[in-house]
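In what follows, chains are A, B, ... by sequence order, proteins preceding strands, each numbered from 1.
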Amino acid sequence: MAHSEPTELSLFISEVETRVRCPVPDAMAALSELWAGCRVPIVPPARVATIEVGAVEGDRACSILLDGDLVAVAEQPPDVLPLIEAAIYRALYAQRGPRVLLHAACVVLPGCDEPLVLVGPSGAGKSSLALAALERGYRYFTDELTVTDGTHVWGVPRAVQFEPVHASQALPARLAASDLGLYALRIRGTDDHVETLGAVPVRVPVAHELMLQPLLARMARVIRIERALTTVCEPLDSLDALAELHEASFGAPSLSLGTFVGRGRAFRLTWREPAEGLSRLESLISQTPAPSIRPPTHEPG
Amino acid sequence: MTTDRTLEAPLARRAKLAHEVDETGEVVVFDETGNRLLMLNQVGAAVWLLIDGQRTGRDIAALIVDALPGAGVELRRVEGDVQAFVASLVEHGVVELR
């Protein structure tokens, strides 16, 4: 494994300032580009995590340490980047405090501060819809990790990434323009057979596309997404929307998510083609009242 | 009898998380044991929010009547509604009688 003098990089992953020090130039170059959106903080950092990559047994392997603890060993060069990223997520999940991490994409409607929180199982199309949203002028919080304190919502703006593809598998046309060179992945099989997958297509959002300040959860809309043979968009009631947010949270939520739901603020979208799905969603949203920035006052009755 | 205890015993929440929906005044309680969400309407939400580990069902009924001056709401009727509602929450395991 080719090593050089270690270089350092600071990334702001929600409230965790993550300092990475690594002697593998290719891994650091890719890390810097994939996580370019995390070079400035969206919310004030609450703690610092350090990730140190060091040589083990000469140049045959690299240790990955998180805050001084060994968390992984990279045996081959292509393993370094994904293992650094695994440590980044580990540091984020360890962050305590009244926060809910959602496995959800979050993009912001053009021309207004209304975040759309896209929830759904793996493969439902969070990244595909996030990519299509960028191409329609939305601003980007995340395609994967949405964070909330119950009042505000923000994201972890890593590059838009897709599932690894086998080398023989053709990319869908909509991903053809994505940069294939940033990420190469190796998976070690159960019998030690190493299977090399194709590159993970990525799209690194540029500066003007990034949403770099938290938005009010009260202005959000929750969209439950699913791939289907037809495109349908319909309202979703508050209870179902809350159930989806529960399903999307890492661990049971620790705080109220009631600010995310309300009349006309949740939808179910089944989509066949992402641009068509977003058009249908935009049309339905335009027919519903905009969320209110002020909480309503309730008369007893 | 269950009816008397429901109105006379201090009430405490067992569920740790409730989502308060600002726009509608509803409350959705997360029953972690049953892994389910229970939606409460506005009156149910008012009862839930008044449960503090010390108030009894009778205390809560009195507070609701006080909040509706001139509405002609009878205390006995409100007590009956609160008793039935609290019994339901106890049955679902999200409230306990102390």
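- Listed by sequence position, the residues of residues 140-160 of chain A in contact with chain B number zero, using a 4.5 angstrom heavy-atom cutoff.
- Looking at B:E20 and A:L257, their side chains never come closer than 4.5 Å, going by heavy atoms from C-beta outward.
- A:Q287 CD: more than 12 foreign heavy atoms inside a 6.0 Å radius.
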Exercise. Might you work through the side-chain contact (heavy atoms from CB on, under 4.5 Å) test for B:H19 and A:H246, ending with a clear yes or no?
Key: CA-CA 11 Å; B:H19 306 284; A:H246 264 254; 2.6 Å; yes
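- For a residue to count as touching a neighbouring chain, one of its non-hydrogen atoms must lie under 4.5 Å from one of that chain's; by this rule A:L255 touches chain B with the backbone only.
- Residue pairs meeting the side chain to side chain donor-acceptor pair (under 3.5 Å) criterion with at least one partner in residues 108-117 of chain A, sequence neighbours excluded, are A:D113-A:R139, A:E114-A:R221.
- Your options are A:G262, A:P253, A:S254, A:S256, and the one with the most heavy-atom pairs under 4.5 Å with chain B is A:S256.
- Counting non-hydrogen atoms of other residues, nucleotides and ligands closer than 6.0 Å to CZ of A:R227 gives a total above 12.
- Along residues 230-244 of chain A, the residues that come nearer than 4.5 angstrom to chain B, judged on non-hydrogen atoms, are A:S238, A:L239, A:L242, A:A243 in order of number.
- Surrounding CZ of B:R13 are more than 12 heavy atoms belonging to other residues, nucleotides or ligands, all under 6.0 Å away.
- Of residues 102-111 of chain A, not one residue has a non-hydrogen atom less than 4.5 Å from any non-hydrogen atom of chain B.
- More than 12 heavy atoms of other shown residues, nucleotides or ligands fall within 6.0 angstrom of atom CD in A:E276.
- Environment of CZ in B:R77: sparse, with no more than 12 heavy atoms of neighbouring residues, nucleotides or ligands closer than 6.0 Å.
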